[in-house]
Every structure is written in C-alpha cells, then in structure tokens.
2 protein chains.
Amino acid sequence: MDDGFLQTCLFFTANRLGRAITKMAEEEFAPTGLSPMYGYLIRLVAGAPGISQKELAEKLSITPSTLTRFVDKLEAKRLVERKGQGKTVLVYPTKKAEELLESIRQASRNLHDRYEALLGADAAKRLTEDLNASSALLERH
Amino acid sequence: MDDGFLQTCLFFTANRLGRAITKMAEEEFAPTGLSPMYGYLIRLVAGAPGISQKELAEKLSITPSTLTRFVDKLEAKRLVERKGQGKTVLVYPTKKAEELLESIRQASRNLHDRYEALLGADAAKRLTEDLNASSALLERH
DNA sequence: ATTTATATTTTGTATGTACAAACAAAATAA
DNA sequence: TTATTTTGTTTGTACATACAAAATATAAAT
C-alpha cells in the first residue's frame, strides 16, 4: 500500500509521538487532578512566584491566549492568583498549589521512568534533546 | 530559574515540536484548502480506494471517533464517499479529490523542503525515523 | 432460528490549542 | 501635554482530538 509518505513526514511523526506520550502523561498525572501542562505551569509559578504571563507563555511555548485560558482555570481552582502590575499580569502560587507540588513532581518522575523503560535511557535522552534543538530551529521559521 | 524539567520531559518536547511543525504544515497546506491531516487522509483513500475506516484510523494513529469526524467533513465537501459494507465502512475518493491530489502532494513536498532547509537533510531524516520508532514503542504501552 | 458475543462506527461531550480582533496600559514622539 | 505606536492580556470563535457510551451489524453458539 502506498502510505510511506506518512512515515517520512515530520509533521505526521511529531504529532503521532505527541499523541502517544500525551496519553501516557495524562495517565500519570491523573493522581494530581491536573493535566500535564497545568502541572508544569504550576511548577513554573511555584519556582518563580510573581512570574509574568508573558514569560510563562514563552517558557511553555504556547500562545498568550492559550496561557490566559490556563491561568483562568487554575485561578478558578484556587491554585494560582493573579496580581495586575500595569499591563502585565503577575502570577503567584497559592498554599494549595504548594501542597500539590510534590505530587506533581512525582507524576513527572513516574512518566519519565515509564517512557524510559520503553525507549531505553540513552535513546530517550537523545530524542528529547533532538526535539528541543529542532523546535528551537523551527520556531524561528 | 528552575525550569529545566521542561527540556528534559519528552511529553513537553514532543508537543512543543508538534505545535511548531503543525503551524508550518498548516501554512503549506493552505493552498489546498485542507489542513494537513485531511490532506493525508485523502492521499490514503486515493491510494487505496475502498479502504475501511478502521484501517484509516490505524494508519493515521488516531482514534476511530476522530476518524469518523474527519470523514464526515470530507464527505460534506464531496471529497470522499462512504459505502457501508456490513459493519465496516469503506471510503472512496471522488473525482474532486483526485483533482486535488497533485496540489496535496506539492504541499507535502514544500513542507518537507522547508523544514529540511532549517534542520538539515540528515538531521531531519534521522529525527523522523526516531520519532517513528519511538511512537511504535510507546503506542504498545 | 434465536440468543449471545464481538467488531465497527457514531454520537455526546470535553479539552487543549490557535488566530484574529478588541482592549488596556505604557512608552515614545510631536 | 497630547497623539501615536507598541506591548501585554483577554475574548470570541473555531478546530483537532479523545473518551465513554450508544448504536449497528456480523459472526458464533446454543
């Protein structure tokens, strides 16, 4: 069958892996009550209280509008608080978020262990580094 | 700042690349009037007229429910036709789809050329192969 | 032949994400 | 000091995708 074009297309293969690892990540993060991106957002905020939304969007490589939605949800769950500083919005973790932190870190570790077991430690590390490097190149067009 | 955990997490890096390459792919596929996944779906159907939805979902690594939605849309655009063969649904390309094919192939080529120019031919090829191999390992849990 | 089990598809619902436009505040220039 | 531009955020809307449950249709077993 004439379907080799899929396996040679970076768009397809990158998203294919994205779907597979997202499913796994959602399973591992289930105990935290958050999906993985929200968990990472909380880790960033807890590691730099008062970080601006702009910085958060940049670090997470998502658009500002998406970040607004994320912060909306975490604020509704009383996990972060906004404090407007002029036109920029600063984000702070709540006590509740800090209490969740260890569970989030554990989920990250479990996820890491799980895919490492399947891919091998070396291959996983190399792949992750390659993905970072390639993303950086593509993001600048 | 304490944000290294992002760069070492395969979930994050895979989806980061996914977002970057998806944006690029959407730009290159714009002339076809389709988003990239729909273009590839049409290529599969044109390459194997009468292929079942189940097979299509497998080849594209998406869930059957997502595939149903995709075929719904392409059917509404008169690009494919369904023919129920018992419990399975067979999908056929229309004339209109066949007329689009060359434009879709061209978009794929343009996309390929574009990211290859940024990543280098060798690196792009290796990355794509790694992504395929890793997806295969992760999809089986 | 009727019931039961199995495989495929569809539907309802939810989520992550983006773009474009609107809005608000700040910085710069006149 | 007022007018213009830039920067950061939010809102409306749309789309790709998934899961769980329902529907449909075949095949298997009694």
Side-chain angles (χ1 to χ4, degrees), chain A residues 11-12 14-27 29-30 32-41 50-77 80-91 135 139, chain B residues 11-12 14-27 29-30 33-42 50-77 80-91 135 139:
Chain A
F11 158 77
F12 177 73
N15 283 303
R16 182 185 173 199
L17 181 69
R19 288 188 291 274
I21 189 81
T22 294
K23 194 176 174 192
M24 207 175 207
E26 275 165 358
E27 286 168 13
F29 273 72
T32 69
L34 297 170
S35 31
M37 281 295 270
Y38 290 86
Y40 288 161
L41 175 42
I51 188 173
S52 75
Q53 290 194 175
K54 181 172 169 42
E55 284 177 285
L56 286 169
E58 270 162 14
K59 281 188 196 298
L60 291 173
S61 288
I62 56 178
T63 61
S65 71
T66 300
L67 191 92
T68 291
R69 305 290 153 98
F70 283 9
V71 175
D72 286 350
K73 288 224 178 126
L74 290 181
E75 205 179 26
K77 288 189 178 183
V80 303
E81 278 167 9
R82 282 178 159 111
K83 215 163 76 177
Q85 164 86 343
K87 72 183 161 197
T88 113
V89 175
L90 307 182
V91 187
S135 299
E139 279 164 7
Chain B
F11 159 77
F12 177 73
N15 283 303
R16 183 185 173 199
L17 182 68
R19 288 189 292 274
I21 189 81
T22 294
K23 194 176 174 192
M24 205 175 212
E26 277 165 358
E27 287 168 13
F29 274 71
L34 297 170
S35 32
M37 280 295 271
Y38 291 83
Y40 288 161
L41 177 42
I42 287 187
I51 189 173
S52 75
Q53 292 196 172
K54 180 173 170 42
E55 284 177 285
L56 285 169
E58 270 162 15
K59 280 188 197 296
L60 292 172
S61 288
I62 57 179
T63 61
S65 71
T66 300
L67 191 93
T68 292
R69 305 290 153 98
F70 283 6
V71 174
D72 286 349
K73 289 223 178 128
L74 291 182
E75 205 179 28
K77 290 190 178 180
V80 303
E81 277 167 9
R82 284 178 158 111
K83 213 163 76 175
Q85 162 85 346
K87 66 185 163 194
T88 113
V89 175
L90 308 183
V91 187
S135 298
E139 277 164 7

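All chains are named by letter (A, B, ...) in the order of the sequence lines, taking the proteins before the strands, and each is independently numbered beginning at 1.
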Is the shortest distance from a Lys or Arg side-chain nitrogen in B:D72 or B:K77 to a carboxylate oxygen in the other one below 4.0 Å? no

Can you tell me the distance, in whole Å, between the NZ atom of A:K77 and the C1' atom of C:dT15? 11 Å

Salt bridge or not for A:R16 and B:E139, using N-O below 4.0 Å? yes

For the residue pair A:F12 and B:Y40, categorise the inter-ring angle as parallel (less than 30°), tilted (30 to 60°) or perpendicular (more than 60°). perpendicular

Looking at every strand, decide which applies to A:T22 at a 4.0 Å heavy-atom threshold: base, sugar-phosphate, or nothing. nothing

Does a salt bridge link A:E55 with A:K59, judged by any charged N lying under 4.0 Å from a carboxylate O? no

May I ask you to decide if the ring planes of A:Y38 and A:F70 are parallel, tilted or perpendicular, using 30° and 60° as cut-offs? tilted

Can you list, in residue-number order, the parts of residues 62-73 of chain A that come under 4.0 Å of DNA chain D, counting heavy atoms only? A:P64, A:S65, A:T68, A:R69

Would you compute the distance between atom OG1 of B:T66 and atom CG of B:L56 and round it to the nearest 0.5 angstrom? 13.0 Å

Please state how far atom CZ in A:F29 lies from atom P in C:dT15, giving the value in whole angstrom units. 18 Å

Take atom CD of A:E139 and atom P of C:dA18, then tell me their distance rounded to the nearest Å. 10 Å

Tell me, please, the opening and closing nucleotides of DNA chain D, 5' to 3', among those with an atom under 4.0 angstrom from a non-hydrogen atom of chain A. D:dT7 to D:dC19

Nearest-nucleotide wise, let me know which of A:G86 and A:M37 is further upstream toward the 5' end of DNA chain C. A:M37

Of A:E26 and A:L90, the one whose closest DNA chain D nucleotide lies more 5': A:L90

